[in-house]
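Let me begin by presenting the structure, written as C-alpha coordinates, before commenting on it.
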2 protein chains.
Amino acid sequence: METSNVIESFSALAQATRLDIFRLLVRQEPDGLPAGEIARQLSVPHATMSAHLSVLSRAGLVVSRRQGRSIIYRANLSHMQEAIRFLVRDCCAGHPEVCGPLAESLIGCTPNQDRE
Amino acid sequence: METSNVIESFSALAQATRLDIFRLLVRQEPDGLPAGEIARQLSVPHATMSAHLSVLSRAGLVVSRRQGRSIIYRANLSHMQEAIRFLVRDCCAGHPEVCGPLAESLIGCTPNQDRE
DNA sequence: TCCATATTTTTAGAAATATGGAAACATCAA
DNA sequence: TTGATGTTTCCATATTTCTAAAAATATGGA
(Lines give C-alpha, C1' and ligand atoms only; values in the text may rest on other atoms or scores of the structure.)
Protein backbone atom coordinates (compact mmCIF):
# COMPACT_ATOMS: atom_id res chain seq x y z
CA MET A 1 0.00 0.00 0.00
CA GLU A 2 1.26 3.45 -0.93
CA THR A 3 1.66 6.36 1.44
CA SER A 4 -0.99 8.43 -0.30
CA ASN A 5 -3.51 5.64 0.04
CA VAL A 6 -2.65 5.20 3.71
CA ILE A 7 -3.22 8.91 4.33
CA GLU A 8 -6.48 8.73 2.42
CA SER A 9 -7.57 5.75 4.52
CA PHE A 10 -6.69 7.32 7.87
CA SER A 11 -8.31 10.54 6.75
CA ALA A 12 -11.47 8.64 5.89
CA LEU A 13 -11.60 7.02 9.31
CA ALA A 14 -10.74 10.24 11.16
CA GLN A 15 -14.34 11.41 11.17
CA ALA A 16 -16.96 10.31 13.68
CA THR A 17 -19.74 9.45 11.21
CA ARG A 18 -17.42 7.59 8.86
CA LEU A 19 -15.82 5.65 11.68
CA ASP A 20 -19.34 4.66 12.76
CA ILE A 21 -20.21 3.65 9.21
CA PHE A 22 -17.12 1.50 8.87
CA ARG A 23 -17.60 -0.22 12.22
CA LEU A 24 -21.26 -0.84 11.45
CA LEU A 25 -20.30 -2.44 8.14
CA VAL A 26 -17.65 -4.57 9.82
CA ARG A 27 -20.34 -5.97 12.10
CA GLN A 28 -22.56 -6.64 9.06
CA GLU A 29 -19.98 -8.71 7.24
CA PRO A 30 -20.26 -10.51 4.93
CA ASP A 31 -23.78 -9.40 3.93
CA GLY A 32 -23.29 -5.64 3.86
CA LEU A 33 -26.03 -3.04 4.11
CA PRO A 34 -27.82 -0.75 1.61
CA ALA A 35 -26.94 2.96 1.76
CA GLY A 36 -30.39 4.00 2.93
CA GLU A 37 -30.35 1.52 5.77
CA ILE A 38 -26.97 2.79 6.94
CA ALA A 39 -28.33 6.35 6.86
CA ARG A 40 -31.39 5.26 8.84
CA GLN A 41 -29.44 3.35 11.48
CA LEU A 42 -27.02 6.21 12.04
CA SER A 43 -29.65 8.98 11.69
CA VAL A 44 -27.81 10.82 8.93
CA PRO A 45 -29.49 12.50 5.89
CA HIS A 46 -29.04 10.59 2.61
CA ALA A 47 -27.05 13.33 0.93
CA THR A 48 -24.61 13.48 3.80
CA MET A 49 -24.39 9.71 3.99
CA SER A 50 -23.74 9.45 0.28
CA ALA A 51 -20.85 11.90 0.57
CA HIS A 52 -19.31 9.93 3.44
CA LEU A 53 -19.74 6.61 1.66
CA SER A 54 -18.00 7.99 -1.39
CA VAL A 55 -15.05 9.08 0.77
CA LEU A 56 -14.78 5.61 2.30
CA SER A 57 -15.19 4.06 -1.11
CA ARG A 58 -12.50 6.18 -2.74
CA ALA A 59 -10.12 5.25 0.08
CA GLY A 60 -10.85 1.59 -0.61
CA LEU A 61 -12.25 0.90 2.85
CA VAL A 62 -15.67 -0.12 1.55
CA VAL A 63 -16.91 -1.67 -1.66
CA SER A 64 -20.38 -1.49 -3.17
CA ARG A 65 -22.57 -3.39 -5.57
CA ARG A 66 -25.96 -2.58 -6.97
CA GLN A 67 -28.82 -4.89 -6.10
CA GLY A 68 -32.02 -3.78 -7.74
CA ARG A 69 -32.69 -0.22 -6.60
CA SER A 70 -30.37 -0.52 -3.62
CA ILE A 71 -26.63 -0.19 -3.47
CA ILE A 72 -25.13 -2.56 -0.95
CA TYR A 73 -22.02 -1.47 0.89
CA ARG A 74 -19.54 -3.83 2.50
CA ALA A 75 -16.43 -3.25 4.61
CA ASN A 76 -13.22 -4.10 2.77
CA LEU A 77 -11.46 -5.93 5.58
CA SER A 78 -8.34 -6.80 3.62
CA HIS A 79 -7.83 -3.13 2.89
CA MET A 80 -7.96 -2.32 6.59
CA GLN A 81 -5.50 -5.13 7.17
CA GLU A 82 -3.09 -3.58 4.66
CA ALA A 83 -3.38 -0.14 6.25
CA ILE A 84 -2.58 -1.57 9.67
CA ARG A 85 0.41 -3.48 8.30
CA PHE A 86 1.74 -0.22 6.88
CA LEU A 87 1.43 1.49 10.24
CA VAL A 88 3.14 -1.32 12.08
CA ARG A 89 5.91 -1.87 9.57
CA ASP A 90 8.23 0.85 10.79
CA CYS A 91 8.29 -0.18 14.40
CA CYS A 92 8.32 -3.83 13.44
CA ALA A 93 11.76 -3.43 11.90
CA GLY A 94 13.67 -2.27 14.94
CA HIS A 95 11.11 -2.36 17.71
CA PRO A 96 9.69 -5.85 17.98
CA GLU A 97 8.74 -5.04 21.57
CA VAL A 98 5.77 -3.18 20.07
CA CYS A 99 4.71 -5.80 17.56
CA GLY A 100 5.16 -8.71 19.92
CA PRO A 101 2.40 -7.71 22.35
CA LEU A 102 0.21 -6.62 19.48
CA ALA A 103 0.59 -9.98 17.78
CA GLU A 104 -0.15 -11.79 21.03
CA SER A 105 -3.31 -9.80 21.54
CA LEU A 106 -4.45 -10.88 18.09
CA ILE A 107 -3.59 -14.53 18.55
CA GLY A 108 -6.23 -15.03 21.20
CA CYS A 109 -8.73 -13.54 18.82
CA THR A 110 -11.94 -15.55 18.84
CA PRO A 111 -15.57 -14.73 17.97
CA ASN A 112 -16.56 -14.10 21.59
CA GLN A 113 -13.39 -12.52 22.84
CA ASP A 114 -13.59 -10.04 25.73
CA ARG A 115 -13.46 -6.41 24.69
CA GLU A 116 -11.20 -5.09 27.47
CA MET B 1 -8.91 4.01 24.18
CA GLU B 2 -11.94 6.17 23.53
CA THR B 3 -13.47 6.84 20.14
CA SER B 4 -12.66 10.54 20.26
CA ASN B 5 -9.01 9.78 20.91
CA VAL B 6 -8.94 7.26 18.08
CA ILE B 7 -10.36 9.85 15.69
CA GLU B 8 -7.84 12.39 16.94
CA SER B 9 -5.03 9.89 16.37
CA PHE B 10 -6.10 8.91 12.86
CA SER B 11 -6.63 12.56 12.05
CA ALA B 12 -3.12 13.34 13.23
CA LEU B 13 -1.62 10.63 11.02
CA ALA B 14 -3.76 11.52 8.01
CA GLN B 15 -1.42 14.26 6.90
CA ALA B 16 1.75 13.73 4.88
CA THR B 17 4.12 15.82 7.01
CA ARG B 18 2.83 14.39 10.28
CA LEU B 19 3.00 10.83 9.00
CA ASP B 20 6.61 11.54 8.03
CA ILE B 21 7.33 13.00 11.47
CA PHE B 22 5.86 10.01 13.23
CA ARG B 23 7.72 7.49 11.09
CA LEU B 24 10.96 9.42 11.53
CA LEU B 25 10.50 9.36 15.29
CA VAL B 26 9.72 5.64 15.25
CA ARG B 27 13.06 5.07 13.57
CA GLN B 28 14.78 7.24 16.20
CA GLU B 29 13.47 5.26 19.13
CA PRO B 30 14.30 5.27 21.96
CA ASP B 31 16.45 8.42 21.79
CA GLY B 32 14.02 10.79 20.13
CA LEU B 33 14.92 13.96 18.27
CA PRO B 34 14.76 17.70 19.09
CA ALA B 35 12.05 19.73 17.33
CA GLY B 36 14.53 21.79 15.34
CA GLU B 37 16.30 18.69 14.06
CA ILE B 38 13.00 17.19 12.91
CA ALA B 39 12.21 20.43 11.08
CA ARG B 40 15.64 20.40 9.46
CA GLN B 41 15.49 16.77 8.36
CA LEU B 42 12.05 17.19 6.84
CA SER B 43 12.67 20.69 5.45
CA VAL B 44 9.71 22.27 7.21
CA PRO B 45 9.72 25.77 8.81
CA HIS B 46 9.86 25.66 12.59
CA ALA B 47 6.50 27.34 13.12
CA THR B 48 4.84 24.80 10.85
CA MET B 49 6.71 21.96 12.51
CA SER B 50 5.70 23.16 15.95
CA ALA B 51 2.04 23.18 14.91
CA HIS B 52 2.30 19.62 13.57
CA LEU B 53 4.14 18.40 16.65
CA SER B 54 1.46 19.85 18.87
CA VAL B 55 -1.22 18.00 16.91
CA LEU B 56 0.66 14.71 17.30
CA SER B 57 1.29 15.49 20.94
CA ARG B 58 -2.34 16.28 21.72
CA ALA B 59 -3.34 13.03 20.08
CA GLY B 60 -0.87 11.21 22.33
CA LEU B 61 1.19 9.83 19.46
CA VAL B 62 4.36 11.59 20.57
CA VAL B 63 5.71 12.69 23.92
CA SER B 64 8.24 15.40 24.66
CA ARG B 65 10.70 16.43 27.33
CA ARG B 66 12.81 19.52 27.65
CA GLN B 67 16.58 19.09 27.59
CA GLY B 68 18.32 22.41 27.99
CA ARG B 69 17.12 24.68 25.21
CA SER B 70 15.85 21.79 23.13
CA ILE B 71 12.64 19.87 23.37
CA ILE B 72 13.12 16.22 22.55
CA TYR B 73 10.24 14.39 20.87
CA ARG B 74 9.73 10.66 20.96
CA ALA B 75 7.18 8.39 19.31
CA ASN B 76 4.69 6.93 21.76
CA LEU B 77 4.65 3.37 20.48
CA SER B 78 2.21 2.03 23.04
CA HIS B 79 -0.30 4.64 21.99
CA MET B 80 -0.05 3.50 18.40
CA GLN B 81 -0.48 -0.04 19.60
CA GLU B 82 -3.69 0.94 21.40
CA ALA B 83 -5.05 2.71 18.32
CA ILE B 84 -4.43 -0.34 16.18
CA ARG B 85 -6.07 -2.59 18.72
CA PHE B 86 -9.16 -0.39 18.59
CA LEU B 87 -9.30 -0.63 14.82
CA VAL B 88 -8.92 -4.38 14.84
CA ARG B 89 -11.30 -5.04 17.71
CA ASP B 90 -14.49 -4.96 15.70
CA CYS B 91 -13.44 -7.42 13.07
CA CYS B 92 -11.65 -9.51 15.65
CA ALA B 93 -14.94 -10.36 17.30
CA GLY B 94 -16.67 -12.07 14.43
CA HIS B 95 -14.06 -12.05 11.70
CA PRO B 96 -10.95 -13.82 12.93
CA GLU B 97 -10.05 -14.46 9.30
CA VAL B 98 -8.82 -10.86 9.25
CA CYS B 99 -6.89 -10.90 12.50
CA GLY B 100 -5.35 -14.30 11.95
CA PRO B 101 -3.25 -13.31 8.92
CA LEU B 102 -2.43 -9.98 10.55
CA ALA B 103 -1.19 -11.70 13.68
CA GLU B 104 0.89 -14.13 11.65
CA SER B 105 2.52 -11.30 9.75
CA LEU B 106 3.53 -9.79 13.08
CA ILE B 107 4.85 -12.99 14.57
CA GLY B 108 7.72 -13.20 12.14
CA CYS B 109 8.64 -9.68 13.11
CA THR B 110 12.36 -9.38 13.65
CA PRO B 111 14.79 -6.43 13.59
CA ASN B 112 15.89 -7.06 10.03
CA GLN B 113 12.66 -8.27 8.57
CA ASP B 114 11.99 -7.68 4.87
CA ARG B 115 9.72 -4.79 4.07
CA GLU B 116 7.74 -6.44 1.27
C1' DT C 1 21.81 41.72 32.90
C1' DC C 2 22.29 41.02 27.97
C1' DC C 3 22.56 38.07 24.13
C1' DA C 4 22.08 33.92 21.30
C1' DT C 5 19.56 29.81 20.61
C1' DA C 6 15.36 26.76 20.58
C1' DT C 7 10.62 26.51 20.49
C1' DT C 8 5.87 27.96 20.78
C1' DT C 9 2.03 31.19 20.17
C1' DT C 10 -0.34 34.40 17.49
C1' DT C 11 -2.27 35.65 13.42
C1' DA C 12 -4.42 35.43 8.98
C1' DG C 13 -5.23 34.08 4.25
C1' DA C 14 -5.99 30.07 1.27
C1' DA C 15 -7.64 25.58 0.69
C1' DA C 16 -10.18 21.63 2.00
C1' DT C 17 -14.05 19.41 4.31
C1' DA C 18 -18.82 18.85 6.39
C1' DT C 19 -23.62 19.46 5.98
C1' DG C 20 -28.15 18.98 4.12
C1' DG C 21 -32.05 20.62 0.94
C1' DA C 22 -33.45 20.30 -3.77
C1' DA C 23 -33.03 18.33 -8.08
C1' DA C 24 -31.49 14.66 -11.02
C1' DC C 25 -30.73 9.87 -12.00
C1' DA C 26 -31.54 4.74 -11.84
C1' DT C 27 -34.46 0.85 -11.16
C1' DC C 28 -38.54 -1.76 -10.96
C1' DA C 29 -43.53 -2.65 -11.05
C1' DA C 30 -47.95 -1.84 -12.95
C1' DT D 1 -45.35 5.42 -19.75
C1' DT D 2 -46.33 6.64 -15.06
C1' DG D 3 -45.31 6.42 -10.33
C1' DA D 4 -42.79 4.85 -6.24
C1' DT D 5 -38.40 3.97 -4.22
C1' DG D 6 -33.34 4.31 -3.47
C1' DT D 7 -29.25 6.81 -4.29
C1' DT D 8 -26.30 10.33 -5.95
C1' DT D 9 -25.13 14.99 -7.67
C1' DC D 10 -25.48 19.87 -7.32
C1' DC D 11 -25.18 23.75 -4.66
C1' DA D 12 -24.50 27.03 -0.94
C1' DT D 13 -23.01 27.75 3.69
C1' DA D 14 -20.42 26.84 7.83
C1' DT D 15 -16.45 25.00 9.77
C1' DT D 16 -11.95 23.24 10.03
C1' DT D 17 -7.21 22.65 8.58
C1' DC D 18 -2.74 24.01 6.51
C1' DT D 19 0.82 27.14 6.21
C1' DA D 20 4.36 30.20 7.64
C1' DA D 21 5.84 35.00 8.96
C1' DA D 22 6.19 37.74 13.08
C1' DA D 23 6.16 38.15 17.84
C1' DA D 24 6.53 36.08 22.33
C1' DT D 25 8.52 32.79 25.61
C1' DA D 26 12.10 29.78 27.73
C1' DT D 27 16.86 28.47 28.58
C1' DG D 28 21.72 28.88 29.33
C1' DG D 29 26.13 31.28 28.86
C1' DA D 30 29.04 35.47 29.27
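All values below were derived from every heavy atom in this structure, side-chain atoms included, with hydrogens, water molecules and symmetry-related copies excluded. Numbered from 1 within each chain, the chains take letters A, B, ... in sequence-line order.
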Looking at residues at least two apart in the chain, or sitting in another chain, which of them share a side chain to side chain contact (heavy atoms under 4.5 Å, CB included) with [X]?
| X | result |
| --- | --- |
| A59(A) | E8(A), S9(A), A12(A), L61(A) |
| T48(B) | V44(B), P45(B), H52(B) |
| S50(A) | none |
| S64(A) | I71(A), Y73(A) |

H46(A) atom NE2, neighbour heavy-atom count above 12 within 6.0 Å: no

Ring pair (Phe, Tyr, Trp, His ring centres under 6.0 Å) involving F10(B) - partner list, sequence neighbours excluded: F10(A)

5'-to-3' dot-bracket of DNA chain D (Watson-Crick, G-U; under 3.5 angstrom; crossing pairs as [ ]; | other strand): ||||||||||||||||||||||||||||||

DNA chain C-proximal residues of residues 29-44 of chain B, any heavy atom under 4.0 Å: P34(B), A35(B), G36(B)

Members of residues 53-74 of chain A that approach DNA chain C, where some heavy atom sits under 4.0 Å away: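 Close to the strand are R66(A), G68(A), R69(A).
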
side-chain hydrogen bond (donor to acceptor under 3.5 Å, both in side chains) involving R66(A) - partner list, sequence neighbours excluded: none

Length of the NE2-C1' vector between H46(A) and dA23(C), whole Å: 14 Å

Euclidean distance, atom NE2 of residue H52(B) to atom C1' of dT9(C) [Å, nearest integer]: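 In whole Å, dT9(C) C1' and H52(B) NE2 are 16 Å from each other.
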
Contact list for residues 29-46 of chain A, test salt bridge (charged side-chain N to carboxylate O under 4.0 Å, His left out), sequence neighbours left out: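 Every pair satisfying salt bridge (charged side-chain N to carboxylate O under 4.0 Å, His left out) with a residue in residues 29-46 of chain A: E29(A)-R74(A), E37(A)-R40(A).
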
Any pair counted as salt bridge (charged side-chain N to carboxylate O under 4.0 Å, His left out), so long as it reaches residues 47-57 of chain B, sequence neighbours left out: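 Passing the test, one end in residues 47-57 of chain B: no pairs.
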
Could you tell me whether the side chain of [Y] reaches within less than 4.5 Å of the side chain of [X], counting heavy atoms only?
| X | Y | result |
| --- | --- | --- |
| M80(A) | N76(A) | no |
| L25(A) | I38(A) | yes |
| L24(A) | R27(A) | yes |
| Q41(B) | L33(B) | yes |

Given DNA chain C, 5'-ward residue of the pair Q15(A) and S50(B), judged by closest heavy atom: S50(B)

Boundaries of the DNA chain D segment in contact with chain B, non-hydrogen, under 4.0 Å: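 For DNA chain D, the relevant span reads dC18(D) to dG28(D).
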
